[in-house]
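Here the structure is laid out as structure tokens; the discussion comes afterwards.
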Amino acid sequence: MSASDGAAGVVTHEVSEAAARDLLVDLVETPSVTGDERECAERLAAFFERHDRETRLDEVGNVRAPGDDGVLLTSHIDTVPGEIPVEVEETDEGEVLWGRGSVDAKGPLAAMAVAAVETGASFVGVVGEETDSRGARHLVDERAEPAAVVNGEPSGWDDLTLGYRGFLAGTYSVAVDSVHSSRPDPNAVEHATSWLSRVKAEFATDDPVFESVTVKPVEFDGGLDDDGLATAATVDVQFRIPPGTTAAEIRETAESELDAGSVSWDEPIPPTLSSPRTDLARAFRVAVRAEGGDPGLLRKTGTSDANLYAAAWDCPVATYGPGDSTFDHAPDERLDLAEFDRAVAVLGRVAENRLESHE
């Protein structure tokens with residue numbers, strides 16, 4: 001493994017295909033459910049330290065490896081819960097890595113770490129993306145704006161994601177005096193289900209999903225209070241916000257359907273839709289073609305930290321990473337290792353392009 005002075009004086013190292021795969025497997029083997037990312041973060045930091053990169057864990061637990069800010073490579077360390085035995089399976093098409101986080105998003109995370117070591121690009125592994133994005137929120141509050149951002153999420157090695165819907169979470173709460181169940185007066189459970197049905201009807205549309213508001217209840221609790229004097233209910237609801245719609249408009253619509261109770265709201269994440277004509281997007285198309293692929297552009301119906309970067313920084317933002325996103329959070333999550341290899345090569349080409357342009 002040879003070392004040389006890279007962009008902005010950062011030492012760069014070549015990383016073998018085997019070493020890159022070893023990093024990926026190591027990260028996937030190290031559990032990092034949101035809120036418990038530290039051990040995995042330390043393993044990621046150790047990879048940079050072995051390759052002579054200045055590295056630290058910041059106040060919220062992000063892994064920071066400063067480099068050339070011509071491009072910031074960043075992905076998230078945390079995963080959703082769910083134990084999937086980690087193994088490398090030999091198939092007719094090649095090797096496949098099974099394990100929680102292999103796709104979302106330790107495949108992109110490891111690929112970006114390798115590309116950062118090889119090119120000298122800036123790197124941050126963030127925490128908390130699967131819940132409140134506390135790592136990304138801390139980053140945009142505390143860090144200077146880079147020239148470009150590549151956010152790591154599965155897009156497939158030859159596709160680039162340019163758009164995400166935004167996110168708004170709220171909790172509906174209601175309590176009413178208890179009455180006999182034979183009476184027609186609505187109890188709290190009925191108030192909650194009725195409100196949710198009315199809100200869903202308000203946002204119902206035949207528009208494509210990316211252009212629609214979706215309403216999804218994720219947790220429900222209700223029934224008779226312990227003292228027997230009232231019934232109470234709470235519903236945790238998540239809204240996805242398409243471009244052209246604001247969180248304020250969704251809140252207004254949801255609250256207009258209240259006939260009892262109230263809604264408390266969390267801090268929203270705005271939608272984002274980037275231009276395919278930026279220098280960053282062009283660099284990806286060139287890099288994918290150079291690796292033998294046919295580049296495509298995606299718009300995702302979910303939400304990612306890219307939304308926060310695009311809202312906070314006036315620079316090109318795109319999302320890229322190996323893996324089939326249909327395996328996100330799934331019980332059969334797995335990543336084709338040949339795809340991972342190609343993604344490392346694409347990211348290396350893109351980072352080199354952006355760093356040269358930044359000189």
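Remember, it's a predicted structure, so these values are computed and weren't measured experimentally.
- The nearest pair of heavy atoms linking Gly125 to Leu109 is CA-CD1, 4.1 Å.
- Checked by atom type, the side-chain pair Ser133/Asp305 shows a donor-acceptor distance below 3.5 Å.
- A donor-acceptor pair under 3.5 Å is absent between the side-chain atoms of Arg285 and the main chain of Gly296, judged by distance alone.
- Residues Lys106 and Ser32 bring a donor and an acceptor atom of their side chains to less than 3.5 Å of each other.
- Crowding of Asp259 atom CG: a count of heavy atoms from other residues, nucleotides or ligands under 6.0 Å exceeding 12.
- The structure places CZ of Arg56 at 13.5 Å from CZ of Phe48, a figure rounded to the nearest 0.5 Å.
- Distance check, rounded to the nearest 0.5 Å: OG of Ser212 to CG of Asp206 gives 8.5 Å.
- Between the side chain of Ser325 and the backbone N or O of Asp328 there is no donor-acceptor pair closer than 3.5 Å.
- At a cut-off of 3.5 Å, with distance as the only test, a side-chain donor of Glu255 or Trp265 sits close to an acceptor on the other residue.
- Shown here is Arg38, whose CZ atom has no more than 12 heavy atoms of other residues, nucleotides or ligands within 6.0 Å.
- Side-chain atoms of Lys200 come within 3.5 Å of backbone atoms of Val215 as a donor-acceptor pair (strictly under, hydrogens ignored).
- Side-chain polar atoms of Trp98 and Glu333 form no donor-acceptor pair below 3.5 angstrom.
- Classification of the Phe239-Phe203 ring pair by plane angle, with boundaries at 30° and 60°, yields perpendicular.
- Closest approach of Pro186 and His191 over heavy atoms only: CG-NE2, 3.6 Å.
- Contact check for Val63 versus Thr55: side-chain heavy atoms found under the 4.5 Å cut-off.
- One N or O on the side chain of Asn307 and one on the backbone of Ser304 form a donor-acceptor pair closer than 3.5 Å.
- Test Glu37, Glu142, Glu59 against Arg134 for salt bridge (Lys or Arg N to Asp or Glu O under 4.0 Å) and you get one pass: Glu37.
- No donor-acceptor pair closer than 3.5 Å links the side chain of Ser155 to the backbone N or O of Tyr320.
- Taking each heavy atom of Asp341 and Arg21 in turn, the nearest pair found is OD2-NH2, 2.6 Å.
- Remark: Arg342 does not engage Asp158 in a salt bridge, criterion side-chain N to carboxylate O under 4.0 Å.
- In summary, of the residues considered (Glu291, Glu356, Glu118), a salt bridge (Lys or Arg N to Asp or Glu O under 4.0 Å) with Arg349 occurs for Glu291 alone.
- Summarising the geometry of Asp294 relative to Val288, their closest heavy-atom pair is N-CG1, 4.0 Å, with the distance given to 0.1 Å.
- Counted by atom type alone, Thr231 and Asn187 present zero donor-acceptor pairs between their side chains at under 3.5 Å.
- Judged purely by atom type and a 3.5 angstrom limit, Arg299 has no side-chain atom pairing as donor or acceptor with the backbone of Arg165.
- Glu190 and Thr193 get closest at one heavy-atom pair: O-OG1, 3.1 Å.
- Summarising the local packing, CD of Glu145 is surrounded by more than 12 heavy atoms from other residues, nucleotides or ligands at distances under 6.0 Å.
- To the nearest 0.5 Å, atoms CD (Gln238) and CG (Asp266) are separated by 9.5 Å.
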Before giving the answer on side-chain contact (heavy atoms from CB on, under 4.5 Å), spell out for Glu130 and His329 the whole-Å C-alpha distance, their side-chain angles and the decisive distance to 0.1 Å.
CA-CA 10 Å; Glu130 296 291 358; His329 305 186; 3.2 Å; yes
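- How far CZ of Phe167 is from CG of Leu308: 11.5 Å, rounded to the nearest 0.5 Å.
- The shortest distance between side-chain heavy atoms of Thr79 and Thr34 does not fall below 4.5 Å.
- Salt-bridge check for Arg334 with Asp324: failed, with every basic side-chain N at 4.0 Å or more from each acidic carboxylate O.
- Between the side chains of Thr234 and Asp221, not a single donor N or O lies within less than 3.5 Å of an accepting N or O.
- In the model, Ser194 has a side-chain atom that pairs as donor or acceptor with a side-chain atom of Arg198 under 3.5 Å.
- Between Ser102 atom OG and Leu24 atom CG the span is 7.5 Å, to the nearest 0.5 Å.
- Between Arg53 and Glu49 no salt bridge is recorded (no basic side-chain N to carboxylate O distance below 4.0 Å).
- The two residues Ala113 and Phe123 come nearest to each other via the heavy atoms N-CE1, 3.7 Å.
- Using the six-membered ring where Trp is involved, Phe47 and His51 have ring planes that are tilted, between 30° and 60° apart.
- A donor-acceptor pair shorter than 3.5 Å cannot be found between the side chains of His138 and Asn62.
- If you check the side chains of His76 and Asn151, you find no donor sitting under 3.5 Å from an acceptor.
- Defined by atom type and a distance below 3.5 Å, a donor-acceptor pair is present between the side-chain atoms of Thr30 and Arg43.
- Contact check for Val80 versus Asp104: no side-chain heavy atoms found under the 4.5 Å cut-off.
- A side chain to side chain donor-acceptor pair (under 3.5 Å) with Arg240 holds for exactly one of Thr301, Thr303, Thr245, Thr214; it is Thr303.
- Considering Asn353, Asp69, Asp68 as possible partners of His358, the one that fulfils the side chain to side chain donor-acceptor pair (under 3.5 Å) test is Asp68.
- Judged purely by atom type and a 3.5 angstrom limit, Ser122 uses its side chain to pair as donor or acceptor with the backbone of Gly67.
- Annotation: side chain of Val150 is in contact with side chain of Val71 (closest heavy-atom distance under 4.5 Å).
- Remark: Leu97 CG to Asp336 CG distance equals 10.5 Å, nearest 0.5 Å.
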